[in-house]
Trainee: 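Quick one: this structure, given as structure tokens, is what I'll be asking you about.
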Amino acid sequence: MINKIKALFLAGLVCCGIAVGLTACSDDNTSDLRLSGACLVEELVLNGQYKAVINTEKKLLKVKVPVDFTAKSDMEITSLRLSEGATSNFKVGDHLNLDGAKTVKVRNGDLEMDYQLSVRNDEAIMTSFVLEGVKGAINQADKSITVSISGNAGIDLANATFEAVYSEDAICSPASGTKANFTAPLEIVLTDNTATTTYTVYVTVIENPVALFVGNAENIEMLNVEEKAAAKWLTGNIAGSAYASFADIASGNISLDEVKLVFFHRHCPSYGNYNGFADAETGAMTALSKMKELWERGVGFVLSRSAVNYAIALGAAPENAYPNNCWGGSGEGSDKMGPEPWMFSVFDTSHPLWKGLEKFPGAADNRVCTLDEDYTICNTTSQFHCWAPLNTPADVEALLGGRALIGHSEEVAGWELKAKNGQYGKGGIICIGSGLFDWNSPTPYVSKYHDNMGKIMLNAFEYLTK
């Protein structure tokens, strides 16, 4: 039947005046390719004792050696068992330098499969520790972990959840993601065959914070997700920082004696004018007298999103200097970033806020990237648009009595106000109304440029407190 169909096909081509040549093949239409075998590594042993863990799905051959093993540069294949009929580019007796990974090619007839062979020392190292959202500082020299939390953070230290990131093959005891008693120093043991490391966690309750994230909620966990992410960044990255509600401040439940910086990031529906902000933000206004005292004594402020209006309440800007171009709501998930995330422009590239930031390849020097591919922002924004009577950024600066930081010829999305003593810098106020100053993504992403958020805040802490 096959030959008959082939003959009819050829006849049709000849009728059309087309000459065709076909290579010979058997009447049963079979190929010469040999595809019946398998290309599996069934066993691999190095130095007569180190057996590979084989992951066929990922095509990985992982060999573990003791923590103090130093001879990876010369290792002998002492056993190699493959699928029946298969061959490899390596054989028993070969000596390999396995300081880096090697590719093991397995061939069986016309089938071929590549495995990555790697040798790793046993390892029990912790790289990250977070207690109820508060990041701990790990000292690898003495294997200590210090966590600083606010006395009013609402964390039950006798039954608190921790999360740890550690070496790939290690076992953590007690297990990461479980609850433990941190009212006294707690030992966490990591074990990976011959490697064992014991870390001791010390929790310090901060009674006299040097930096505060302020908000309306009773504690960090009760903030909305955007504000919570910003608060947890502060408490986890600036030593001696804490969360305080406006109620705590108004009632005197938290010491303000050592405070040098206040961070107020408000994610909520935008306000059309200052009165709208003052009427809605009753908590912030209740604590206003004490917050004014902080600014007047030289404490620096970072105000972002809708919180930029608080600069007016503090007396650092006139009452009519509220953003005239605001949008956004209280929800998440406005826009998801593509391969080239949105970036904002800065007026002065030499300003200390932009020191040490990760630059987006090919972007102009005055462009700052704070987002990553797949990051989703909520894009709540409070900025100035340059329309009459504010026709230029200079007009906005004159209205504010400050200077523009973020924006371009048609807008000002971030600005700086002077300290009570009339100077920029220590005790001043940084206002960032840009929607790109965003702390929480409801979608997963790989962080690179979003780390610039933290760098900007660390720069602000240095600039406003030194």
Side-chain angles (χ1 to χ4, degrees), residues 224-230 232-233 263-271 302-309 323-387 390 392-393 396 403-416 430-460:
N224 64 53
V225 292
E226 171 67 20
E227 294 172 13
K228 184 193 299 185
K232 287 190 174 181
W233 181 90
F263 182 20
F264 182 18
H265 179 70
R266 185 72 174 108
H267 173 54
C268 62
S270 55
Y271 304 103
V302 174
L303 307 174
S304 50
R305 294 278 179 84
S306 294
V308 298
N309 292 281
N324 63 4
N325 186 214
C326 307
W327 68 84
S330 58
E332 292 287 339
S334 174
D335 294 277
K336 187 175 182 179
M337 299 296 104
E340 185 169 336
W342 298 347
M343 289 172 268
F344 59 76
S345 299
V346 301
F347 287 99
D348 179 7
T349 58
S350 67
H351 194 285
L353 280 187
W354 322 127
K355 181 177 63 178
L357 302 186
E358 186 75 26
K359 299 294 293 183
F360 191 89
D365 288 342
N366 70 328
R367 301 285 281 171
V368 172
C369 189
T370 57
L371 308 174
D372 293 283
E373 183 176 2
D374 296 326
Y375 188 103
T376 298
I377 67 171
C378 44
N379 202 18
T380 300
T381 300
S382 295
Q383 64 183 21
F384 290 91
H385 196 280
C386 295
W387 50 46
L390 304 175
T392 67
V396 176
R403 56 189 179 191
L405 295 175
I406 298 171
H408 49 74
S409 61
E410 296 180 352
E411 69 178 29
V412 176
W415 53 96
E416 178 181 5
I430 300 294
C431 295
I432 302 179
S434 171
L436 277 62
F437 198 69
D438 192 280
W439 290 93
N440 177 74
S441 172
T443 55
Y445 66 98
V446 177
S447 181
K448 182 178 181 181
Y449 303 105
H450 196 249
D451 292 341
N452 283 338
M453 296 280 290
K455 293 177 182 178
I456 291 170
M457 283 300 303
L458 290 174
N459 290 339

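Being a predicted model, the structure only gives us computed values, none of them experimental.
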Trainee: Output side-chain donor-acceptor pairs under 3.5 Å for residues 360-369, partner residues at least two apart or in another chain, one line each.
Mentor:
| from | atom 1 | to | atom 2 | distance (Å) |
| --- | --- | --- | --- | --- |
| Arg367 | NH1 | Met343 | O | 3.4 |
| Arg367 | NH1 | Ser345 | OG | 2.9 |
| Arg367 | NH2 | Met343 | O | 3.3 |

Trainee: Go through the steps to decide whether Leu436 and Ile406 satisfy the test side chain to side chain contact (heavy atoms under 4.5 Å, CB included), and finish with yes or no.
Mentor: CA-CA 11 Å; Leu436 277 62; Ile406 298 171; over 6 Å; no
Trainee: So does Asn440 get a backbone contact from the side chain of Glu226, meaning a donor-acceptor N/O pair under 3.5 Å?
Mentor: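 Yes; at least one donor-acceptor contact below 3.5 Å.
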Trainee: Taking all atoms of both residues into account, what is the closest heavy-atom pair of Ser350 and Asp348, and its distance?
Mentor: OG-OD1, 2.6 Å
Trainee: Rounded to the nearest 0.5 Å, what separates atom CZ in Phe437 from atom CD1 in Ile432?
Mentor: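 Answer for the CZ-CD1 pair, Phe437 versus Ile432, is 4.0 Å.
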Trainee: State, without any angle test, whether Asn452 and Glu358 hold a side-chain donor-acceptor pair at a distance under 3.5 Å.
Mentor: no
Trainee: Mind listing the closest non-hydrogen atom pair of Pro341 and Pro339 along with its distance?
Mentor: CD-O, 3.4 Å
Trainee: For a side chain to side chain contact (heavy atoms under 4.5 Å, CB included) check, start with the C-alpha distance between Val396 and Trp415, then their side-chain angles and the critical distance, and finish with the verdict.
Mentor: CA-CA 9 Å; Val396 176; Trp415 53 96; 6.0 Å; no
Trainee: Parallel, tilted or perpendicular: which describes the rings of Phe263 and His265, with under 30° parallel and over 60° perpendicular?
Mentor: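 Judged by the thresholds at 30° and 60°, the geometry between Phe263 and His265 is tilted.
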Trainee: For Asn324 and His385, what are the C-alpha separation, side-chain angles and deciding distance, and is it a side chain to side chain contact (heavy atoms under 4.5 Å, CB included)?
Mentor: CA-CA 6 Å; Asn324 63 4; His385 196 280; 4.0 Å; yes
Trainee: Enter the distance from Leu405:CG to Phe347:CZ here, rounded to the nearest 0.5 Å.
Mentor: 9.0 Å
Trainee: Are any side-chain N or O atoms of Asp374 and backbone N or O atoms of Pro444, one a donor and one an acceptor, separated by less than 3.5 Å?
Mentor: no
Trainee: Quick check against the 3.5 Å criterion: does Thr381 have a side-chain atom that pairs as donor or acceptor with the backbone of Trp327?
Mentor: no
Trainee: If you compare all heavy atoms of Cys378 against all heavy atoms of Arg305, which two are closest, and at what distance to 0.1 Å?
Mentor: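 Nearest pair, atom of Cys378 first, then Arg305: SG-NH1, 3.7 Å.
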Trainee: Tyr375 and side-chain hydrogen bond (donor to acceptor under 3.5 Å, both in side chains): which single residue from Asp335, Asp438, Thr443 fits?
Mentor: Asp438
Trainee: What closest approach, in Å, do Cys386 and Ser409 show between heavy atoms, and which atom pair accounts for it?
Mentor: SG-O, 3.9 Å
Trainee: Any idea which heavy atoms bring Tyr449 and Leu371 closest together, and the distance?
Mentor: CB-O, 3.2 Å
Trainee: If you look at every heavy atom in Asn224 and His267, which pair is closest and at what distance?
Mentor: ND2-O, 3.2 Å
